[in-house]
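All of these numbers come straight from a predicted model, not from anything done at the bench.
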Amino acid sequence: MLDLRLESLAFGGDAVGHAPDGKVVFVPFGAPGDRVRARVVKETASYARGELLELVEPGPARRAPPCPHFGSCGGCQWLHVDYRAQAAAKQEIFIHTMAEADVARIDPILAAPHELGYRRRVRLQLRVRSGGAPELGYFRWRSREIVDVARCPLLEPPLDAGLALVREALASLRAPATVSGSVALLCGRDGDLHASVRLEEARPSSLELERLLERLLAGSRIVGAVVASGEQAIQGGERSVELEG
C-alpha cells in the first residue's frame, strides 16, 4: 500500500503522484492535492497504476460530483474535480503534447460557458432482454456491463430529455432473446435530435425495425432517425440537423 500526495491530472483522466522511490503512480478518481492510500495493481519499470482505497485528506480541487452514477459509470472521470482545475489540467496536458511536436506558443484554452449541459452528441449502450425493461447507458468503469442512466448532467437539456424518448421507443421492442447494441444522439441548434440505433444479437425482424423507427419519430423532438441491424438499415424523417457555427 502507498501513501500518496496526488499532484496533477494526466491525459486519460487519472491523477498522478509519486511513490517514495520516485516512480510515477497513476490513480483513477483522484484529484490534485488529495492525500490518498492506494494499492498498486500494475507496475512497470517506469510507472505504476494504483487503485484508490482511502481518501485520507481531500485536496482543494476536489468537490462532490454532480452525478449519482459517478465512480461506477465509465462515461466520464473528472466530475469530482473543480472545473477551474479541470481547465488548468487540460492546458498543461495540451502544452506538454505540443512541446513534443516542437510547438512553442500555445494560446490559453477557452473554458466552456457552462461546465455541465454542454455535450451535443452522445453514444450509449443498450440491452433489451425479452420481457424486460430496456437498459440504456454507459459501460461500467472498466467493464462491459451497462450502467442504466436516466439522466446525464453533461448533456444539453434537449439531448438529456432525448434519453427518455429513446427508452420509451425501445420498451416495446419485441425480440425472442436479448438484443444489444448502441444508440447515438445528436442535438441540433434548435434542440432537434437525430437518432441512430444499431441492434446486434437476436436481430429483430424487418417489421420490428420499422416499428421501432416509427416509435422514435412519433414525437416532435426526434426529427430524424436511422435504425440498423446486420445488413438491414432504414431511415426516416430528416437526414440531418443544423448545428451552430
Side-chain angles (χ1 to χ4, degrees), residues 9 11-13 28-29 31 63-87 89-90 109-128 133-171 173 180-199 212-213 215-228 236-245:
L9 296 170
F11 178 79
F29 303 115
R63 67 174 183 184
C67 178
H69 302 291
F70 183 78
S72 59
C73 175
C76 60
Q77 288 179 263
W78 283 1
L79 280 187
H80 65 301
V81 178
D82 177 79
Y83 186 64
R84 288 173 297 179
Q86 292 185 39
K90 291 175 183 179
I109 289 177
L110 297 177
H114 307 287
E115 62 171 296
L116 299 174
Y118 65 89
R119 284 191 183 176
R120 293 202 132 181
R121 61 179 296 194
V122 63
R123 181 176 296 277
L124 301 160
Q125 306 303 316
L126 72 89
R127 183 178 293 113
V128 184
E135 299 173 55
L136 184 65
Y138 302 97
F139 280 132
R140 189 174 297 279
W141 170 248
R142 291 181 177 172
S143 169
R144 303 298 286 183
E145 296 179 5
I146 295 176
V147 176
D148 204 13
V149 172
R151 296 193 65 252
C152 176
L154 293 181
L155 307 185
E156 282 210 354
L159 192 59
D160 194 33
L163 303 187
L165 302 178
V166 174
R167 190 183 297 273
E168 290 174 7
L170 291 169
L173 184 66
S180 61
S182 62
V183 175
L185 284 172
L186 176 65
C187 182
R189 180 175 61 184
D190 298 322
D192 293 336
L193 304 179
H194 193 281
S196 177
V197 180
R198 172 160 288 279
L199 304 176
L212 177 57
L213 181 64
R215 290 191 292 269
L216 287 168
L217 298 173
S220 59
R221 182 61 69 189
I222 299 178
V223 298
V226 177
V227 177
E238 301 293 332
R239 291 184 175 271
S240 63
V241 290
E242 186 175 348
L243 304 179
E244 288 183 282

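Contact between Arg142 and Pro28 at its shortest, heavy atoms only, is NH2-CG, 4.0 Å. Residues His69 and Asp148 come closest through the heavy atom pair CE1-O, 3.5 Å. Nearest heavy atom pair, residue Cys187 against residue Glu156, reads SG-OE1, 3.9 Å. In plain terms, the two heavy atoms of Ser182 and Arg123 that are nearest each other are OG-NH1, 3.7 Å. Summarising the geometry of Val147 relative to Cys73, their closest heavy-atom pair is CG2-CA, 4.0 Å, with the distance given to 0.1 Å. Nearest heavy-atom pair, Ile222 versus Ala195, reported as atom, atom and distance to 0.1 Å: CG2-CB, 4.2 Å.
The only option from Asp192, Val223, Leu193 that meets the side-chain contact (heavy atoms from CB on, under 4.5 Å) definition with Glu238 turns out to be Val223.
The CZ atom of Arg127 sits 4.0 Å away from atom CD1 of Ile146, with the distance rounded to the nearest 0.5 Å. Note that CD of Glu145 is 13.0 Å distant from CD of Gln125, once rounded to the nearest 0.5 Å.
In this structure, Leu163 and Leu155 have side chains that are in contact, with non-hydrogen atoms separated by less than 4.5 Å. Between Leu199 and Val128 the shortest side-chain heavy-atom distance does not fall below 4.5 Å. Pro66 is listed as a side-chain neighbour of Leu79, based on a closest heavy-atom distance under 4.5 Å. Using a 4.5 Å cut-off on side-chain heavy atoms (C-beta onward), Val197 and Leu126 make contact. Within the 4.5 Å cutoff, the side chain of His194 has heavy atoms near those of the Val226 side chain. Considering only heavy atoms from C-beta on, Leu173 comes within 4.5 Å of Arg215 through its side chain. Contact check for Leu216 versus Leu165: no side-chain heavy atoms found under the 4.5 Å cut-off. Annotation: side chain of Leu124 is not in contact with side chain of Val149 (no heavy-atom distance under 4.5 Å).
Proximity of a side-chain donor or acceptor of Trp141 to a complementary backbone N or O of Gly71 within less than 3.5 Å is not detected. Although no hydrogens or angles enter the test, the distance criterion places a donor-acceptor pair under 3.5 Å between the side chain of Gln86 and the main chain of Val81. In this structure, the side chain of Arg151 does not engage the main chain of Cys67 through any donor-acceptor pair within 3.5 Å.
Here Phe70 pairs with Phe29, His80 under the ring-ring contact (aromatic ring centres under 6.0 Å, His included) rule; sequence neighbours left out. When the salt bridge (charged side-chain N to carboxylate O under 4.0 Å, His left out) test is applied to Asp82, the partners found at least two apart in sequence or on another chain are Arg84.
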What side-chain donor-acceptor pairs closer than 3.5 Å can you find for residues 110-118, not counting sequence neighbours?
unit_1 : atom_1 : unit_2 : atom_2 : d
Glu115 : OE1    : Arg63  : NH1    : 2.7
Glu115 : OE1    : Arg63  : NH2    : 3.1

Quiz prompt | Chi angles and distances behind the side-chain contact (heavy atoms from CB on, under 4.5 Å) call for Val122, Cys152 | solution = CA-CA 10 Å; Val122 63; Cys152 176; over 6 Å; no

